[in-house]
Amino acid sequence: MGNFDFTIITIKHEGIDKDYEFYGSYYRGMLGRNLKKRFCILKNTTCEVCPLVDKCLYMLSFEKYKDTLFLPYVINKSTKNELRITLLGTFSKFSKMYLEAFTRDLKVKQAGFYNPFLDTIQEEELILNSGQFENIKNKNNFTVDIEFGRFKKNSKILNCQEINFEDILKAIERRIYLTNKFYGKTQDEIYIQPEFKATKIDCTFHNIARYSNRKKKLMSIPCTNLKFHIENSKDIYRYIYLASILNIGTNASMGFGQVHVH
C-alpha cells in the first residue's frame with residue numbers, strides 16, 4: 001500500500017453561478033490564482049527568476065509540477081457546491097493554507113477534513129497514511145465506476161471497448177507506486193496479485209465542457225466512463241479503495257481518473 005501521508009479537504013459552499021459539466025479545472029484555477037496572491041512577495045518579477053522559487057507554496061504545488069502526472073494534490077469531487085481535494089506527502093501539512101486559498105472566493109457552508117474510514121467531515125486537522133488501508137476488510141463482490149479523459153497502454157490511447165479490468169488494476173498499481181515514490185517515506189515496489197472475475201457493464205464516451213480560468217473560455221474535452229462488476233475478488237478491494245483517494249491516469253489534479261466503489 002506504500003507509506004505516504006495525505007489529508008483530504010472538503011468544502012461545501014453556496015452554488016457557483018456557472019453551468020459547467022466539469023468543475024475540476026475551475027477549482028484548480030482558483031487554487032493557483034489565490035496561492036499566488038497569498039505567497040508572492042516579488043510582484044514585479046516572474047517566477048522563473050524569483051530567488052524564492054524553491055520555497056514558494058504556489059510554485060511548488062502549481063507551476064513546478066503542472067506538466068507531470070505527480071502534482072501534490074488530487075481533486076476527488078467537484079460539483080457546483082462541493083469540493084474534495086487530497087493533499088499528498090509533506091503538502092498535507094499545509095492544508096490550512098490550501099483551505100484559505102479556496103475560501104477567499106467561495107461562500108463556505110462547511111469546511112473541514114474528510115475521514116474516508118468513517119465517511120465524516122471534522123474540523124480538526126486530520127493527516128492519514130496509506131498504510132492504514134492494509135486493514136480494510138476485503139469485499140468479494142462490488143461495482144467500480146471509473147471516469148477519465150484518456151487511457152493509454154503501451155503509448156497507445158485506448159477506447160473504452162479496448163480497456164479491460166486488468167488494465168485498470170495496472171493503472172492503480174502504478175499510481176500507488178509513483179505516489180509513494182514521489183511523496184512517500186519508502187521506495188517500495190507495489191504489486192497487486194489479482195484474483196477476480198470482472199464483467200464490463202457500461203462503456204460510454206462523450207465530450208464535456210471544461211472552463212479554463214487561464215484562457216477565460218469553455219473547452220470541450222473527451223470523457224470516458226467505465227463500469228465493472230467484480231466477483232470473487234481476492235485482496236484487491238483495498239487497492240481500489242485507495243485509488244478512489246488518488247484517482248488514476250492523466251489530469252488527476254483536475255479531477256479526472258475518478259474511481260468510485262459501490
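As the structure is a prediction and not an experimental result, all values here were calculated from the model. Quick note: numbers below take in every heavy atom, side chains included, and nothing from hydrogens, waters or symmetry partners.
- A search for salt bridge (Lys or Arg N to Asp or Glu O under 4.0 Å) contacts involving E195 returns K234, not counting sequence neighbours.
- Under a 4.0 Å N-O distance rule, the pair R84/E82 qualifies as a salt bridge.
- The line from SG of C56 to CD1 of I41 is 8.5 Å long, rounded to the nearest 0.5 Å.
- V74 and I221 are assigned to two separate hydrophobic clusters, defined by single-linkage of ILVMFWY side chains at heavy-atom distances under 4.5 Å.
- Proximity of T186 to K181: side-chain heavy atoms (C-beta onward) are nowhere separated by under 4.5 Å.
- Residues passing the side chain to side chain donor-acceptor pair (under 3.5 Å) test with E100, sequence neighbours excluded: R38.
- The side-chain heavy atoms of F228 and I146, taken from C-beta on, include a pair separated by under 4.5 Å.
- A distance-only check finds no donor-acceptor pair linking the side chain of N251 to the backbone of M254 [under 3.5 Å].
- With hydrogens and angles left out, the side-chain atoms of N3 and N180 include no donor and acceptor closer than 3.5 Å.
- Remark: C203 engages C160 in a disulfide bond (SG atoms under 2.5 Å apart) (not counting sequence neighbours).
- E162 pairs by the salt bridge (Lys or Arg N to Asp or Glu O under 4.0 Å) definition with K156, not counting sequence neighbours.
- Applying the side chain to side chain donor-acceptor pair (under 3.5 Å) rule to Y73 yields the partners R28; only residues at least two apart in sequence or on another chain are considered.
- When every heavy atom of A101 is checked against every heavy atom of L31, the shortest pair comes out as CB-CD1, 4.0 Å.
- Side chain of T120 to backbone of N115: no donor-acceptor contact under 3.5 angstrom is found.
- Using a 4.5 Å cut-off on side-chain heavy atoms (C-beta onward), Y27 and I16 make contact.
- Within a 6.0 Å sphere centred on CD of E189, heavy atoms belonging to other residues, nucleotides or ligands number more than 12.
- Judged as a ring pair (Phe, Tyr, Trp, His ring centres under 6.0 Å), the pairs with a partner in residues 114-142 (not counting sequence neighbours) are, in order, F117-F133, F133-Y241, F142-Y237.
- Judged as a salt bridge (Lys or Arg N to Asp or Glu O under 4.0 Å), and not counting sequence neighbours, R104 has no contacts.
- To the nearest 0.5 Å, atom OG of residue S220 and atom CG of residue N207 are 3.5 Å apart.
- N81 and H13 are not linked by any side-chain donor-acceptor pair at a separation below 3.5 angstrom, with hydrogens and angles left out of the test.
- Using a 4.5 Å heavy-atom cutoff, the side chains of F91 and L71 are not in contact.
- Residue pairs that meet the disulfide bond (SG atoms under 2.5 Å apart) test with at least one member in residues 106-135, sequence neighbours left out, do not exist here.
- For the residue pair I9 and S95, the shortest heavy atom distance occurs at CD1-O, 3.5 Å.
- With rounding to the nearest 0.5 Å, the separation of OG1 in T79 from NZ in K12 is 9.5 Å.
- The minimum heavy-atom distance between S78 and G24, with the atom names listed, is OG-N, 3.4 Å.
- Legend: residues meeting side chain to side chain donor-acceptor pair (under 3.5 Å) with E231, ordered by chain and number and at least two apart, are absent.
- Taken to the nearest 0.5 Å, the NZ atom of K227 stands 14.0 Å off from the NZ atom of K200.
- Side-chain contact annotation: T143 with H229, donor-acceptor N/O pair under 3.5 Å present.
- Taking the side chain as every heavy atom from C-beta outward, F113 and L99 approach each other to under 4.5 Å.
- A heavy-atom distance below 4.5 Å is not found between the side chains of T7 and T86.
- Side chains of Y183 and F6 form no contact here, defined as non-hydrogen atoms less than 4.5 Å apart.
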For the pair F256 and F22, evaluate ring-ring contact (aromatic ring centres under 6.0 Å, His included) and give the outcome as yes or no after the intermediate values.
CA-CA 10 Å; F256 280 114; F22 179 75; 4.6 Å; yes
Evaluation steps, side-chain contact (heavy atoms from CB on, under 4.5 Å), between V144 and I240
CA-CA 8 Å; V144 183; I240 295 169; 4.1 Å; yes
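- With sequence neighbours excluded, the residues that form a salt bridge (Lys or Arg N to Asp or Glu O under 4.0 Å) with K185 are D5.
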For a side-chain contact (heavy atoms from CB on, under 4.5 Å) check, start with the C-alpha distance between H262 and H260, then their side-chain angles and the critical distance, and finish with the verdict.
CA-CA 7 Å; H262 307 290; H260 303 282; 4.0 Å; yes
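- By the 6.0 Å contact criterion, NZ on K80 is enclosed, its count of non-hydrogen atoms from other residues, nucleotides or ligands being greater than 12.
- Scored by the side chain to side chain donor-acceptor pair (under 3.5 Å) test, N247 finds N76 as partners (sequence neighbours excluded).
- Looking at N225 and D202, their side chains never bring a donor and an acceptor atom within 3.5 Å of each other.
- One N or O on the side chain of S233 and one on the backbone of K139 form a donor-acceptor pair closer than 3.5 Å.
- Both V108 and Y98 are assigned to one and the same hydrophobic cluster, defined by single-linkage of ILVMFWY side chains at heavy-atom distances under 4.5 Å.
- R175 places a side-chain N or O within 3.5 Å of a backbone atom of L246 that can act as its donor or acceptor partner.
- The hydrophobic cluster containing V261 also contains I230, counting ILVMFWY residues as joined when their side-chain heavy atoms lie under 4.5 angstrom apart, directly or transitively.
- Aromatic ring orientation, Y23 versus Y26: perpendicular (interplanar angle above 60°, classes split at 30° and 60°).
- No more than 12 heavy atoms of other residues, nucleotides or ligands sit less than 6.0 Å from atom NZ of K197.
- Within the structure, every pair that satisfies the ring pair (Phe, Tyr, Trp, His ring centres under 6.0 Å) test and touches residues 187-207, not counting sequence neighbours, is listed here: F165-F196.
- At distances below 3.5 Å, not a single donor-acceptor pair connects side-chain atoms of D105 with backbone N or O atoms of F102.
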Worked check of side-chain contact (heavy atoms from CB on, under 4.5 Å) between F39 and M97
CA-CA 10 Å; F39 290 102; M97 296 180 183; 3.4 Å; yes
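- Between atom OG of residue S25 and atom CG of residue L218 there is a gap of 9.0 Å, rounded to the nearest 0.5 Å.
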Walk me through it: do F148 and L226 pass the test side-chain contact (heavy atoms from CB on, under 4.5 Å)?
CA-CA 9 Å; F148 45 81; L226 284 169; 3.8 Å; yes
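- Side-chain atoms of S130 come within 3.5 Å of backbone atoms of F4 as a donor-acceptor pair (strictly under, hydrogens ignored).
- Taken to the nearest 0.5 Å, the CD1 atom of I192 stands 9.5 Å off from the CZ atom of R238.
- At a threshold of 4.5 Å between non-hydrogen side-chain atoms, the residues I75 and S253 do not count as touching.
- Scanning all heavy atoms of the two residues, the minimum distance from P194 to I236 falls at CA-CG2, 4.1 Å.
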